[in-house]
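Data block below; observations after.
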Amino acid sequence: MHSWSSPPVPVLPGDSPALRLFDTSDAALKPVAPGPVATMYVCGITPYDATHLGHAATYVAFDLVNRVLRDQGHDVHYVQNITDVDDPLFERAERDGVDWRELGSREIDLFREDMAALRVLPPRDYIGAIESVGEVIAATESLLASGAAYIVDDADYPDVYYRIGATETFGYESGYDRATMERFFAERGGDPDRPGKREPLDALLWRAARPGEPSWEAPFGAGRPGWHIECSVIALNRLGMAFDIQGGGSDLIFPHHEFSAAHAEALTGERRFARHYVHTGMIGLDGEKMSKSLGNLVLVSRLRADGVDPGAIRLGLYSGHYRSDRMWTAPVLATAEHRLATWRRAVAAPAGPDATGVVERVRAHLANDLDTPRALAALDAWAADAIIGIGSSTEAPGLIATAVDALLGVDLG
Ligand code: 5CA
Ligand code: ZN
């Protein structure tokens, strides 16, 4: 699937410290230590509705990771999926009387537009579930052959399940206890009560064809892919095992990332799927997590149509730390719009205070688990001085504009 066009990324002079990110699995800040090519997989959208600020926050956070790694001189192989075969798509398509494929492709188009407007660097591989069905079938065959998977005893619907006990290390990614796993499994798309399963937490790999649902032929019976195996194979087949960063919102810690990792580990016999498991906090509105199912959404496309500068959306999202759950409110946006206008005025000044130290501090804050609030504060201080005429460096305004563009993805031009 084609992604979207890349904004230009200017090269910033000077060096950047090594990036450290919080790893959910080790519950610690750890250095990201990529080879020349850094490898990153971030879970993509389920395209049944428009991109909201929660999605934007997650993709913008990983865009910072991408930009910081590039600033360190790495090439970044970035992969993202699209869950374009899933129940919510069929339900919404049915409700609206449209074909589920059309709905998916319309929402993917809108997502591309939103990402391009936010100046998010595109993934190199942008892969739909539909496109990866062959890979899911091959993986499921292999898991069946090794005994890591089984077919439920149901003549009508012989679904294929993955055995939670197929790897010895299951549970290491989330670190959750059994009760927490059970709660999230039931809340987030799992089916603990499906008759015929050997263990309530065994995860669906292949859903046998049901009337009215799309299906693909497979040696173990026609059907469609389960959710976790989709991300497992899309990442594994492009990045291999032990890739640098697996990313997504904190709502994906369990069961999705736990099972994606376990599937790949059972397939290869190797540990571990990703070296870093990185999760963003949840953006909320009116006191609740922003979600398509609750309907409390602020859409990126709506804000754009209302004339909000995408740079202000970025700065609003950066005003809190990416790992903290936080609310999107009118004051968050107003502060961001004011900050953007101030920075624009400052970089339009003929001169300002020397910017080399500021750029160093911004790089250091970002390298420290993407500490955007401190990075913004360093830039605010420089801008305040530049506006009142402090400093005589004629290069400083240009250097700040380049740094804000390259590292934060915000165009001050
Ligand atoms: N297609 C799956 C991942 S394979 C999925 O979760 N799709 S989604 O459309 O529901 O979410 C897309 C991405 O946005 C995921 O990484 C998810 O964790 C993240 N996300 C969803 N809601 C929020 C929110 N309120 N705040 C922050 N991130 C969110
Ligand atoms: Zn995923």
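Every number for a ligand or one of its atoms is a count from 1 in the order of the listing.
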Hey, is CD on Glu94 packed in by over 12 heavy atoms from elsewhere, all under 6.0 Å? no

Distance filter < 2.8 Å from the Zn ion (ligand 2), protein N/O/S hits 3

Taking all non-hydrogen atoms of both residues into account, name the closest pair between Tyr157 and Val152 and its distance. O-CG2, 3.8 Å

Sequence-distant partners of Asp411, side chain to side chain contact (heavy atoms under 4.5 Å, CB included), two or more places apart: Arg119

Check the surroundings of atom CZ in Arg374: do more than 12 heavy atoms from other residues, nucleotides or ligands lie under 6.0 Å from it? no

Is it the case that atom CG in Asp306 sees more than 12 heavy atoms from other parts of the structure closer than 6.0 Å? yes

Value rounded to 0.5 Å, distance of OH in Tyr41 from CG in Asp244: 16.0 Å

Listed by chain and number, what are the salt bridge (charged side-chain N to carboxylate O under 4.0 Å, His left out) partners of Arg20, not counting sequence neighbours? none

Do the side-chain N and O atoms of Asn296 and His52 include a donor-acceptor pair separated by under 3.5 angstrom? no

Can you work out which protein residues put a heavy atom within less than 4.0 Å of ligand 1? Cys43, Gly44, Ile45, Thr46, His52, Gly54, His55, Thr58, Tyr59, Asn81, Thr83, Trp227, Cys231, Gly248, Gly249, Asp251, Leu252, His256, Gly281, Met282, Ile283, Lys289, Met290, Lys292

Between the side chains of Tyr48 and Asp96, does any donor sit under 3.5 Å from an acceptor? no

